[in-house]
Protein chains: 2
Amino acid sequence: MPNPRSGDEEHVVFRQYLDAVGLQGLAGAEAAGLHTSEWYALSLIAQEGRLTSGELATRTGLTTGATTRLIDRLERAGYARRAPDPTDRRRVHVEPVPDALARVEEVVAPARRHVAEVLARYTPEQRALLFDYFARAAPAFRAATEEIRAAAPRRRTRKTD
Amino acid sequence: MPNPRSGDEEHVVFRQYLDAVGLQGLAGAEAAGLHTSEWYALSLIAQEGRLTSGELATRTGLTTGATTRLIDRLERAGYARRAPDPTDRRRVHVEPVPDALARVEEVVAPARRHVAEVLARYTPEQRALLFDYFARAAPAFRAATEEIRAAAPRRRTRKTD
DNA sequence: AGCAGTATCTGCATACGCGCAGATATTTGG
DNA sequence: CCAAATATCTGCGCGTATGCAGATACTGCT
């Protein structure tokens, strides 16, 4: 990697940073024994605390049938569980199993540790700034995610050329 | 631990940040029409600039046969191409197609834009610190990834023992 | 030149996720 | 109480990714 103008360099630095974080996430998902759709769904559930099957279907972009199976897998793997809705017995709430989230934490532990090492080299003020960035960037990334998913035409199958 | 209370909060902030970045990556991969193994492989190739089929097999943890098909898909989708090794004609180098990487950039564009908005609220000095963090954190995440993959009970792959 | 070792590719079989459409259970409205 | 609407589940088939093992092509060594 040569040393181009700093604007370019920032671009590359950020790109590689994103890639590294993304790859780490994928490795984590695999280590947790979860496929990406399951990992994605679990993140959604953990984030919202609790979702109905239908809501999960909407958020993941899957059909309700596929979502049922997805929940089956998550449940079988011990990451989530079904809970009845007291007011509407057709509905099924899906909620994370706390114990399993701890397992996910374990998988993320190496990343946390390595990053902690990096953070340790900064002053408390600098660390505060970084965490301020984390807090602000998370919603920004979530907004970007929604934007991407909204713009992406669902083209899972490439049979039609 | 100087401050358990704020430490806990940092924990959560960081976790949500990681989740948000990861989900964004997944959405991007899907928008690019790539499955996770393909996205993963493409990241590796882009990072190294060029890999042989065998090296890619090792890095992804796939068998050489599966890797051949993976390269086929990457090539058919226009993200990578095969290039002969001038010194060893058995070998096949896989390299990213620059044009396609630009397409991937497009997919990441929303994230870049949203984060740019966040970064715009900081002073140049603060931004410099953040980019310093990005540069340092990327290798840290890569190390974490290797650690995770090394520890993960990988599906029975290699038979070369 | 011949033989062993290496790198990649190709059939074959298997597993799995997903969409589709119908089935089942429950709520809501007349 | 019956019918329509709603939420989830199940049976079925398709497309695809992967492992395995053999085939093919090339290199290096004797």
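The model shown is predicted, which means the values in this text are computed figures rather than measured ones. Reminder, nothing fancy here: chain letters follow the sequence lines and each chain counts from 1.
- Using modelled atom types and a 3.5 Å distance limit, the side chains of A:Arg112 and B:His11 yield a donor-acceptor pair.
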#### Entry: Nucleotide-resolved protein contact map, nucleotides 9-15 of chain C, B/S/- at heavy-atom distance under 4.0 Å
BBBB---

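- At whole-Å resolution of the value, CG in A:Leu34 and P in C:dC16 are 15 Å apart.
- In terms of modelled atom types and a separation under 3.5 Å, the side chain of A:Arg127 and the main chain of A:Tyr122 share a donor-acceptor contact.
- The interatomic distance linking B:Leu62 (CG) with C:dA7 (C1') rounds to 16 Å, in whole Å.
- OP1 or OP2 of D:dT18 has at least one side-chain nitrogen or oxygen of B:Arg73 nearer than 4.0 Å.
- Between the side chains of B:Tyr133 and A:Tyr17, at least one donor N or O lies within less than 3.5 Å of an accepting N or O.
- A:Glu30 places its CD atom 16 Å from the P atom of D:dA17, with the value rounded to the nearest Å.
- Rounded to whole angstrom, the span from the CG atom of A:Leu70 across to the P atom of D:dT8 amounts to 13 Å.
- Between B:Asp85 and B:Arg89 no salt bridge is recorded (no basic side-chain N to carboxylate O distance below 4.0 Å).
- Taking side-chain N and O atoms only, A:Ser37 has a distance below 4.0 Å to OP1 or OP2 of C:dC18.
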### Summary
Its contact letters, B for base, S for sugar-phosphate only and - for none at protein heavy atoms under 4.0 Å, make nucleotides 24-30 of chain D read -BBS---

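- Following rounding to the nearest Å, A:Glu75 (CD) and D:dT8 (C1') show an atom-to-atom distance of 13 Å.
- Atom-to-atom, CZ of A:Arg91 to C1' of D:dA5 comes out at 13 Å; the value is rounded to the nearest Å.
- Residue-environment remark: CZ (B:Arg113) exceeds the threshold of 12 foreign heavy atoms within 6.0 Å.
- By the 6.0 Å contact criterion, CD on A:Glu95 is enclosed, its count of non-hydrogen atoms from other residues, nucleotides or ligands being greater than 12.
- Between B:Glu55 atom CD and C:dT8 atom C1' there is a gap of 13 Å when expressed in whole angstrom units.
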### Query
Passes salt bridge (Lys or Arg N to Asp or Glu O under 4.0 Å), A:Asp72 versus A:Arg76? Steps please.
CA-CA 6 Å; A:Asp72 286 346; A:Arg76 194 150 38 83; over 6 Å; no

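- Around atom CD of B:Gln126, more than 12 heavy atoms belonging to other residues, nucleotides or ligands sit under 6.0 Å away.
- In this structure, B:His35 atom NE2 and C:dC16 atom C1' are separated by 12 Å, rounded to whole Å.
- Panel note: side chain A:Glu30, backbone A:Ala27; no donor-acceptor pair is recorded below 3.5 Å.
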